[in-house]
Number of protein chains: 2
Amino acid sequence: MKLVNVSAMTHKTRSAIQVLDRAVWLLEAMAAADRPLSLKVLAADSALHPSTAYRILSALQCHDLVSRDEEAHYRLGPSWQRLGRQVHSQVDIRAVAKPIMNVLRDQTGETVNLTAREGDQVVYIERAIPNRMMRVEQVIGSRAPLHVTAVGKLMLAESGAEGCRAYARRSGLPRYTSNTLTTQKGLWAEVQRCAAQGYARDDEEAELGVCCIGVLIRDAGGEAVAGLSVSAPRERLRAEWAALLQEAGRRLSQQIGYAG
Amino acid sequence: MKLVNVSAMTHKTRSAIQVLDRAVWLLEAMAAADRPLSLKVLAADSALHPSTAYRILSALQCHDLVSRDEEAHYRLGPSWQRLGRQVHSQVDIRAVAKPIMNVLRDQTGETVNLTAREGDQVVYIERAIPNRMMRVEQVIGSRAPLHVTAVGKLMLAESGAEGCRAYARRSGLPRYTSNTLTTQKGLWAEVQRCAAQGYARDDEEAELGVCCIGVLIRDAGGEAVAGLSVSAPRERLRAEWAALLQEAGRRLSQQIGYAG
DNA sequence: AGAATTGATTTCATATAATGAAACTTGTTA
DNA sequence: TAACAAGTTTCATTATATGAAATCAATTCT
């Protein structure tokens with residue numbers, strides 16, 4: 001048995017189990033194409049012997065991971081639907097977000113936070129901290145009211161005018177700094193503005209000297225499941241970061257299944 | 001090396017490639033559970049040696065088919081999202097529908113059709129025909145106007161009052177039998193009624209003596225991509241079949257990714 | 001604190017199970 | 001009708017996945 005030239009497939013991920021690698025190559029090849037592919041093409045694309053490709057594809061077919069139409073063209077099978085739906089509720093946003101957050105931290109040099117809404121608060125569930133003397137730092141697990149955080153304001157936009165009004169009534173919109181929005185009307189106006197522009201800023205609304213830019217993360221159902229934000233001392237915050245954040249947020253949303 | 005007792009795993013699908021089977025068992029085990037599972041549990045559930053399970057899971061992890069949280073608990077990975085989205089546009093409704101249609105034909109003893117909208121017509125794309133002397137039969141590829149078929153009426157409901165009105169204007173609602181709906185207003189009323197009850201009937205509206213019950217098939221995006229229907233001579237059509245059809249339609253929609 | 005238990009990982013000799021070549025089928029082209 | 005092309009099956013060969021056992025890490029118990 002001759003080993004396939006390794007240099008020819010350096011771009012493909014390799015693990016400890018050959019067949020699995022090869023099976024994945026075939027699956028990836030099918031996913032990359034937007035139409036069913038013949039055995040020949042599939043084998044060539046994956047640098048596999050047709051015989052081998054055939055055996056693997058047949059095995060995958062047994063498990064509905066691939067299906068074949070009458071002309072023996074292969075496509076991804078229904079199992080991907082079935083299992084994919086399971087994943088949805090299971091993906092660990094924190095794990096997926098971590099690398100993206102690290103990049104963002106290195107680009108900005110500031111603290112990056114991942115938050116989730118919990119009742120009338122946002123909870124800090126993950127963070128990436130820069131190596132600097134002065135930095136903004138939140139403890140994982142700590143909370144903050146919705147109306148004084150960038151992500152919180154975007155979350156309020158999600159619950160609509162009615163939800164926002166209800167929140168204002170329940171919480172009483174307590175003042176944290178001179179910049180805190182404390183009127184139901186003013187809050188809703190700001191919240192709508194944030195939602196429209198796709199990101200929110202918190203200008204010393206929670207703590208004097210601390211600013212923040214945040215975006216929402218959406219799951220496959222379009223639901224806002226988390227928020228991603230950069231926090232920095234006022235003088236260091238750059239408006240340009242909004243674009244970086246929006247891009248990062250988009251990527252993260254996609255990775256957890258958001259289509260739009 | 002001792003082979004695992006075969007009788008103990010007869011319920012699991014087996015193919016020509018052992019590792020692939022085992023990998024799928026592990027994936028299924030993870031999908032079946034609604035929370036991340038430990039290696040031990042996963043190995044036990046799949047009747048695999050922990051060592052083997054570990055190696056396979058590690059390999060799958062390389063390809064993002066599984067991910068592990070910090071406590072070494074395994075869950076399905078982000079690749080399922082990514083590839084699952086690809087599938088969506090690729091599933092071959094005809095192939096998935098065929099077995100369901102066969103069951104339906106056997107339950108009713110009548111012809112079952114799968115149709116798709118194409119412009120202002122429905123096209124017959126697949127069928128299951130009973131073995132009887134007299135039966136309703138459509139040629140695959142043949143067409144019929146929307147307003148004289150059960151599925152067509154449901155499709156019209158999808159395009160809304162405006163779309164329905166536009167269709168009426170374009171087509172002129174030609175009369176096929178004395179039962180054909182030929183007024184824009186009457187059609188829209190019927191169409192709404194059908195949509196509301198979840199299925200439609202065609203009572204000799206296309207051809208005297210021929211009746212039909214139809215439902216819609218939806219894809220992952222909730223879009224109506226096809227119709228499923230039973231056609232029979234008037235005296236043989238049973239109203240109870242509506243429930244059968246609705247159930248079958250639901251199953252088919254789910255299989256091609258519809259969540260609701 | 002130290003021992004003992006449990007589970008996750010790594011190592012390694014072994015033989016199973018995946019492999020590629022070649023033969024065989026089937027359907028299409030010249 | 002023959003030559004061809006693509007898919008499928010067979011089969012001898014050995015590379016490859018395997019399970020036992022050893023190691024490592026983290027808890028729990030005494």
Side-chain angles (χ1 to χ4, degrees), chain A residues 1-6 8-9 12-27 29-30 33 35-63 65-75 77 92 95, chain B residues 1-6 8-9 12-27 29-30 33 35-63 65-75 77 92 95:
Chain A
M1 195 185 292
K2 202 182 60 189
L3 210 60
V4 188
N5 176 11
V6 174
M9 52 185 189
K12 287 164 186 162
T13 324
R14 309 206 63 198
S15 72
I17 300 180
Q18 200 186 49
V19 223
L20 281 181
D21 292 341
R22 295 176 165 188
V24 171
W25 298 345
L26 286 167
L27 292 167
M30 293 193 295
R35 65 202 163 75
L37 296 178
S38 72
L39 174 65
K40 181 115 184 281
V41 172
L42 227 32
D45 282 5
S46 315
L48 294 178
H49 193 281
S51 172
T52 304
Y54 175 74
R55 228 171 322 106
I56 294 177
L57 286 169
S58 301
L60 291 173
Q61 200 187 346
C62 286
H63 299 290
L65 283 166
V66 314
S67 43
R68 279 174 27 157
D69 57 27
E70 53 281 3
E71 291 94 5
H73 284 193
Y74 294 86
R75 59 177 79 209
D92 184 355
Chain B
M1 197 183 293
K2 203 182 57 189
L3 208 62
V4 189
N5 177 9
V6 174
M9 52 186 189
K12 286 165 185 160
T13 324
R14 309 205 64 197
S15 71
I17 300 181
Q18 198 186 50
V19 222
L20 280 181
D21 292 341
R22 294 177 166 187
V24 171
W25 297 346
L26 286 167
L27 291 167
M30 293 193 292
R35 64 199 164 76
L37 297 178
S38 73
L39 174 65
K40 181 112 184 286
V41 173
L42 227 33
D45 283 5
S46 315
L48 294 177
H49 194 281
S51 171
T52 304
Y54 174 74
R55 229 169 325 105
I56 294 177
L57 286 169
S58 301
L60 292 173
Q61 199 188 348
C62 285
H63 298 290
L65 283 166
V66 314
S67 42
R68 282 172 26 157
D69 57 26
E70 52 282 0
E71 290 97 3
H73 284 193
Y74 295 86
R75 57 177 79 210
D92 184 355

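In this text, all values refer to a predicted model and were calculated from it rather than measured experimentally.
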Rounded interatomic separation in angstrom, taking [atom1] from [X] and [atom2] from [N]:
{"X": "B/Leu26", "N": "D/dT18", "atom1": "CG", "atom2": "P", "value": "10 Å"}
{"X": "B/Trp25", "N": "D/dA17", "atom1": "CH2", "atom2": "P", "value": "16 Å"}
{"X": "A/Leu57", "N": "C/dA18", "atom1": "CG", "atom2": "C1'", "value": "15 Å"}
{"X": "A/Leu42", "N": "D/dT8", "atom1": "CG", "atom2": "P", "value": "12 Å"}
{"X": "B/Ile17", "N": "C/dA18", "atom1": "CD1", "atom2": "C1'", "value": "7 Å"}
{"X": "B/Arg22", "N": "C/dT16", "atom1": "CZ", "atom2": "P", "value": "13 Å"}
{"X": "A/His49", "N": "D/dT9", "atom1": "NE2", "atom2": "C1'", "value": "13 Å"}

Identify, with sequence neighbours excluded, every residue that meets side chain to side chain contact (heavy atoms under 4.5 Å, CB included) alongside [X].
{"X": "B/Ser38", "value": "B/Lys40, B/Val41, B/His73"}
{"X": "A/Ala53", "value": "A/Leu26, A/Leu39, A/Ala43, A/Leu48"}
{"X": "A/Val24", "value": "A/Glu28, B/His63, B/Leu65"}
{"X": "A/Ser58", "value": "A/Tyr54"}

Subject >> Under 3.5 Å: donor-acceptor pair, side chain of A/Asp21, backbone of A/Ser15 >> reply: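 Between the backbone of A/Ser15 and the side chain of A/Asp21 there is a qualifying donor-acceptor contact (under 3.5 Å).
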Original post:
Taking only side-chain nitrogens and oxygens of A/Gln18, does any of them come within less than 4.0 Å of OP1 or OP2 of D/dA15?
Top reply: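 So the side chain of A/Gln18 is outside the cut-off, no N or O lying under 4.0 Å from OP1 or OP2 of D/dA15.
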How long is the gap from [atom1] on [X] to [atom2] on [Y], to the nearest 0.5 Å?
{"X": "B/Thr52", "Y": "B/Gln18", "atom1": "OG1", "atom2": "CD", "value": "8.5 Å"}
{"X": "A/Ile17", "Y": "B/Ile56", "atom1": "CD1", "atom2": "CD1", "value": "5.0 Å"}
{"X": "B/Leu42", "Y": "B/Trp25", "atom1": "CG", "atom2": "CH2", "value": "13.5 Å"}

Nucleotides 5-10 of chain C: which of its N/O atoms have a protein N/O under 3.5 Å away?
{"from": "C/dG7", "atom 1": "OP1", "to": "B/Lys40", "atom 2": "NZ", "distance (Å)": "3.1"}
{"from": "C/dG7", "atom 1": "OP2", "to": "B/Lys40", "atom 2": "NZ", "distance (Å)": "3.0"}
{"from": "C/dA8", "atom 1": "OP1", "to": "B/Leu39", "atom 2": "N", "distance (Å)": "3.1"}
{"from": "C/dA8", "atom 1": "OP2", "to": "B/Lys40", "atom 2": "N", "distance (Å)": "3.2"}
{"from": "C/dT9", "atom 1": "OP1", "to": "B/Arg68", "atom 2": "NH1", "distance (Å)": "2.9"}
{"from": "C/dT9", "atom 1": "OP1", "to": "B/Arg68", "atom 2": "NH2", "distance (Å)": "3.2"}
{"from": "C/dT10", "atom 1": "OP2", "to": "B/Tyr54", "atom 2": "OH", "distance (Å)": "2.9"}

Subject >> Residue pair B/Leu37 / B/Tyr74, side-chain heavy-atom distance below 4.5 Å >> reply: no
Original post:
Between A/Ser58 and A/Leu20, which has a closest nucleotide on DNA chain D that is more 5'?
Top reply: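 By nearest-heavy-atom nucleotide position, the 5'-most residue is A/Ser58.
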**OP:** Using five base pairs at each end, measure the axis-to-axis angle across the helix from C/dA1-D/dT30 to C/dA30-D/dT1 and round it to 10 degrees.
**Re:**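 So the angle between the two local helix axes works out to 30°.
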